[in-house]
There are 2 protein chains.
Amino acid sequence: MSYDPQLLDSASHRLIAALRGKAIFHQGDPASALYRVEHGCVRLQIGDAAGSRQVIAFVFAGQTFCAGMETHWASAHAITDTVLSRFPHVALWDLVARDSRAALNLLLSADELLTDLAHHLGRMSHSDAYERITWFVDWVAKQTKAPPGGTLDIPMSRHDIADFLGIAPETVSRLFRRMESTGRLRRVAPRRFSYHPSAAACIAVQTEVGDQAAA
Amino acid sequence: MSYDPQLLDSASHRLIAALRGKAIFHQGDPASALYRVEHGCVRLQIGDAAGSRQVIAFVFAGQTFCAGMETHWASAHAITDTVLSRFPHVALWDLVARDSRAALNLLLSADELLTDLAHHLGRMSHSDAYERITWFVDWVAKQTKAPPGGTLDIPMSRHDIADFLGIAPETVSRLFRRMESTGRLRRVAPRRFSYHPSAAACIAVQTEVGDQAAA
DNA sequence: CGGCGATTTGAATTACATCAATCTAGGTGG
DNA sequence: CCACCTAGATTGATGTAATTCAAATCGCCG
């Protein structure tokens, strides 16, 4: 028994588009719907009074998201040009009344986000910056179904990645460079790489030897 | 419209006791109930393969908790001798069928934990260790309704606090010492303090002057 | 009283942030 | 179509908060 996004299709909804960088909803605004990403990528974030920003999650095609039942506890922004399905709350209650599986489905999807967040919290504490970046790249590859050896698009800015992983943008930049030197990534365009997950360990050793020779 | 823990009382449940240090459930075990802390304090945590531990939340009297609908994504342990109400899932579904408010109540409580976790994530990234500790102490004071100027019990170990805030136990110890030097806390027994939240800023300045004189 | 885990303290190290200066790509207007 | 322009990205140098390792101390419980 697991989460089934297709179940939502029988609820009333409409497609909406959001251009790159545009807000889908703002932290503090009243919440009235649940969303599913059909195409593109969305960023969920909270901001505090001091102006600092925490990116809570990136949502790729196929995933649903919301942030609060009554008031949005986070903002949502389109990272790329994005197409969304919007399911108003009333349509969801209607669906739940017609199909009891839907209620369980909603609870399971909420639980899924909770689990993700809990594990992300653990990663923030117990992993160093390089481990976080490598995890992040592998995670994006999985979300976008990028094949090993193929092309990997990482559509968000270095700043977004930094605010997600809790490190400085400069450090993100440096660690991407490090991943390239291990052969795990090769840059083919800005925010686009070729992805070689297996190349990590062995080439790292070669590079160390090379570094010593250079020094 | 907000969360109402009392609504649960009309669901079938029984009281259970957990001695200090005992597990209430384990990460990975099948989940079959929701719990409410009647007396004492509970720790929710996840552990990874490497043996490192992330404390997700501390739950005080009056709060409900669970970790997953089907499988527990975290373990729960009693920090002090604890009394719990256990609400089996079947009793909850029964309640939901009788009282439609209950379903919304469950969703709201899940959302509350999600919000807490999101803000905790932000704190871990954007606050330094001392800010985290002061926040934590103030938070425990609020949870346990400790009055300013009165006694504050902080029942969890330094290690638990460290794994919650993502810092080393030694650092926790040093920062508690720092809070004592500002007058915000005075130690009256192990894990028991007298609590002076307003004393923070002004006495901190006095201490700096004193430090300079001593140096 | 003795033992053992929890806590505290100290000294040395380091990973990361910060500050500041380029560099690059993509969009815009002439 | 090209030159500019600006936000994002990169790179280097420097500082520091917090970890780590190690040792002493405390407090609880048998």
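Numbered from 1 within each chain, the chains take letters A, B, ... in sequence-line order.
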Item to complete: Indicate the ring-plane relationship of A:Phe58 and A:Trp139, choosing parallel, tilted or perpendicular according to the 30° and 60° boundaries.
Response: tilted

Practice prompt. Measure up the A:Phe164 and A:His120 rings against each other and bin them: parallel (under 30°), tilted (30 to 60°), perpendicular (over 60°).
Written response: parallel

Does any part of the side chain of [Y], heavy atoms only, come nearer than 4.5 Å to the side chain of [X], both counted from C-beta?
| X | Y | value |
| --- | --- | --- |
| A:Ile133 | A:Ile161 | yes |
| A:Leu165 | A:Thr171 | no |
| A:Tyr35 | A:Ile16 | yes |

Item to complete: State whether A:Arg192 and A:Asp153 are salt-bridged, where the test is any N-O pair (Lys NZ or Arg NE/NH1/NH2 against Asp/Glu carboxylate O) under 4.0 Å.
Response: yes

Worksheet item: Going by an N to O cut-off under 4.0 Å, is there a salt bridge joining A:Asp116 and A:Arg123?
Response: no

Fill in: Within 6.0 Å of NE2 in B:His39, more than 12 heavy atoms from elsewhere
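Count not over threshold, so no.
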
Discussion item. Under 4.0 Å from a heavy atom of chain B: give me the 5'-most and 3'-most nucleotides of DNA chain C that qualify.
Written reply: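 From 5' to 3', the first and last contacting nucleotides are C:dA6 to C:dA11.
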
Worksheet item: Residues in side-chain hydrogen bond (donor to acceptor under 3.5 Å, both in side chains) with B:Ser125, at least two apart?
Response: A:Gln54

Worksheet, complete the sentence: residues 165-185 of chain B vs ring-ring contact (aromatic ring centres under 6.0 Å, His included), sequence neighbours excluded, gives B:Phe176-B:Phe193

What does the list of N/O pairs under 3.5 Å between the protein and nucleotides 3-5 of chain D look like, with a distance for each?
none

Item to complete: Using atom CZ of A:Phe193 as one end and atom C1' of D:dA9 as the other, report the distance to the nearest whole Å.
Response: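 Between C1' of D:dA9 and CZ of A:Phe193: 11 Å.
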
Practice prompt. First locate atom CE of B:Met69, then atom CG of A:Asp111, and finally report the distance between them rounded to the nearest 0.5 Å.
Written response: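 Separation between the atoms: 7.0 Å.
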
Discussion item. Base contacts versus sugar-phosphate-only contacts with protein, heavy atoms under 4.0 Å: please encode nucleotides 11-18 of chain D as B, S and - from 5' to 3'.
Written reply: BBB----S

Worksheet item: If the sugar-phosphate is the primed atoms plus P, OP1 and OP2 and the base is the rest, what is the B/S/- string for nucleotides 24-30 of chain D, using protein heavy atoms under 4.0 Å?
Response: ----S--

Worksheet item: Has the side chain of A:Arg191 got a donor or acceptor atom that lies under 3.5 Å from a matching backbone atom of A:Pro155?
Response: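 Pair found, side chain donor or acceptor close to backbone of A:Pro155.
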
